[in-house]
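Notes follow the structure.
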2 protein chains.
Amino acid sequence: MTNEKLLSDFKDVLKKEGLKVTPQRIAVLEEIIKDKGHRESEDIYMAIKSRKTHVSRATVYRTLDILVQKGFARKLNLGDGRARYETKIDSPHHDHIICNECGKIIEFVNDEIEKMQEEIAKQHHFKLQQHIHQLFGLCKECQ
Amino acid sequence: MTNEKLLSDFKDVLKKEGLKVTPQRIAVLEEIIKDKGHRESEDIYMAIKSRKTHVSRATVYRTLDILVQKGFARKLNLGDGRARYETKIDSPHHDHIICNECGKIIEFVNDEIEKMQEEIAKQHHFKLQQHIHQLFGLCKECQ
DNA sequence: TTTATAATTGAGAATGATACTCAATTATAA
DNA sequence: TTATAATTGAGTATCATTCTCAATTATAAA
Ligand SMILES: [Mn+2]
Ligand SMILES: [Mn+2]
Ligand SMILES: [Zn+2]
Ligand SMILES: [Zn+2]
């Protein structure tokens with residue numbers, strides 16, 4: 001999806017919800033799509049500030065919530081107390097491998113595992129809604 | 001392993017490390033082995049207080065750290081901001097299924113998945129150290 | 001059993017990420 | 001241009017967990 005289309009989609013969603021299109025909201029959206037990485041709220045806040053748009057941490061958090069809610073972003077919990085956000089646009093489901101040393105994050109998907117999760121849930125009479133699968137270790141460079 | 005053996009093992013470890021055997025530390029150990037569940041620090045703190053032993057939250061946290069460090073307990077992050085602790089004694093590795101509604105926790109192991117994780121790590125040149133695999137959904141009762 | 005001493009404890013303060021409050025500002029539609 | 005409801009941001013609150021440090025205690029030597 002082009003960034004223009006994405007931006008206009010976002011505006012449409014905001015309007016549809018009776019929410020306003022503000023420079024802060026646009027800036028957060030732009031920041032999330034610009035850098036394909038797994039970003040902390042603080043990073044995004046600093047990146048926006050270091051440019052032209054005036055923004056507060058509160059607004060960054062609020063906008064990230066909207067983006068997650070509306071399917072534009074995904075929120076990750078890597079267990080270190082700081083949430084990460086990544087774009088969800090053109091980004092199908094995947095899980096993560098995280099380096100314990102340098103923090104590098106690699107994405108992976110394994111259909112076998114995805115399938116098995118469903119079976120395990122079924123065996124225990126659970127209706128699966130989400131899952132977290134994270135592998136932690138040392139990356140090539142950090143071993 | 002008998003509770004007596006476990007207690008004496010714990011005392012041995014403490015002594016070996018130059019740490020003191022205190023009623024608070026014993027109480028935390030006892031609490032962790034008494035209830036096989038996935039306990040919050042606050043639960044353990046309350047349970048100990050509601051008995052006879054005087055203890056503080058700080059000491060519960062400190063002792064739980066020791067128990068995890070020395071292999072007597074396991075610390076879980078379920079993504080809700082409160083750590084859970086479970087006994088590691090006679091409890092081989094497993095992962096968890098968590099009910100989004102009532103919080104019920106079920107344990108599972110799947111050797112296939114365990115094996116695949118190793119392969120995935122290898123493919124990405126990672127030396128695997130730990131992993132988190134949690135399935136979230138609705139349990140039979142909550143659907 | 002004392003004594004010496006280093007380890008431990010607990011009350012309360014600190015931390016850090018995130019959420020909330022509310023007065024001032026702003027986007028939007030009439 | 002105006003009316004108004006939504007948004008913003010500064011600062012405060014929250015909540016789990018960690019830290020501080022003076023008072024207490026476990027331990028081992030005498
Ligand atoms: Mn990712
Ligand atoms: Mn368990
Ligand atoms: Zn690394
Ligand atoms: Zn349930």
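Values below: all heavy atoms of this structure, side chains included; hydrogens, waters and symmetry mates excluded. For clarity, every value in this text was computed on a predicted model and none was experimentally measured. Per chain, numbering begins at 1; letters A, B, ... match sequence-line order.
- Between the C1' atom of C:dT18 and the CG atom of A:D43 lies a distance of 15 Å, rounded to the nearest Å.
- Distance from the side chain of A:L19 is smallest for D:dA6 among the nucleotides C:dA19, C:dA7, D:dA6.
- Side chain A:R62 to base D:dG9: a donor-acceptor pair is found below 3.5 Å.
- With rounding to whole Å, A:Y85 atom OH is found 13 Å from C:dA17 atom P.
- At a threshold of 4.0 angstrom between heavy atoms, the contacts of B:Q24 are confined to the sugar-phosphate backbone, with no base atom among them.
- For B:T22, no side-chain nitrogen or oxygen approaches OP1 or OP2 of D:dA26 to under 4.0 Å.
- Taking side-chain N and O atoms only, B:T59 has a distance below 4.0 Å to OP1 or OP2 of C:dG10.
- Nearest to the side-chain atoms of A:V55 among the listed nucleotides D:dG9, C:dT18, D:dT7 stands D:dG9.
- Atom CD in B:E40 sits about 13 Å away from atom P in D:dC15, given to the nearest Å.
- Between D:dG9, C:dT28, D:dT7, one nucleotide has an atom nearer to the side chain of A:V21 than all others, and that is C:dT28.
- Here D:dT17 presents its C1' atom at 13 Å from CG of B:N77, a figure rounded to the nearest Å.
- Nucleotide C:dT2 forms a pair with D:dA29, judged by Watson-Crick or G-U wobble geometry with both contacts under 3.5 Å.
- Taking side-chain N and O atoms only, B:H54 has no distance below 4.0 Å to OP1 or OP2 of D:dT25.
- Closest to the B:Y61 side chain, of the nucleotides C:dA19, D:dT7, D:dT17, is D:dT17.
- A salt bridge between A:K34 and A:E31 is present, with a side-chain N of the basic residue lying under 4.0 Å from a carboxylate O of the acidic one.
- The aromatic rings of A:H133 and A:F108 sit perpendicular to each other, their planes meeting at more than 60°, with 30° as the lower class boundary.
- The nearest whole Å value for the distance from the CZ atom in A:R57 to the P atom in D:dA10 is 10 Å.
- Here D:dT7 presents its C1' atom at 14 Å from CD1 of A:I26, a figure rounded to the nearest Å.
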If you apply the rule salt bridge (charged side-chain N to carboxylate O under 4.0 Å, His left out), what do you find for A:E86 with A:R39, and how did you get there? CA-CA 6 Å; A:E86 64 178 346; A:R39 322 266 320 267; over 6 Å; no
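- By the criterion of side-chain heavy atoms lying less than 4.5 angstrom apart, applied directly or through intervening Ile, Leu, Val, Met, Phe, Trp or Tyr residues, A:L14 is grouped together with A:I48 in one hydrophobic cluster.
- Nearest-nucleotide mapping onto DNA chain D: of A:A58 and B:R84, the residue sitting toward the 5' end is A:A58.
- Atom pair B:E17:CD and C:dT8:P shows a separation of 11 Å (rounding to whole Å applied).
- Between A:L78 atom CG and C:dA17 atom P the separation is 15 Å, expressed in whole Å.
- Each of D:dG9, C:dA27, D:dT25 was ranked by its minimum atom distance to the side chain of B:K20; first place goes to D:dT25.
- Residue B:R25 has its side chain nearest to C:dT8 when only C:dT8, D:dG9, D:dT8 are considered.
- Base pairing analysis places C:dT28 opposite D:dA3; the two distances defining the Watson-Crick or G-U wobble pair are each below 3.5 Å.
- Taking a cutoff of 4.0 Å between a charged side-chain nitrogen and a carboxylate oxygen, A:D9 and A:K5 qualify as a salt bridge.
- Each of B:G81 and B:K15 lies near DNA chain D, and the nucleotide nearest B:G81 is the one positioned closer to the 5' end.
- Salt bridge B:E42/B:R82: absent, no basic N to carboxylate O contact under 4.0 Å.
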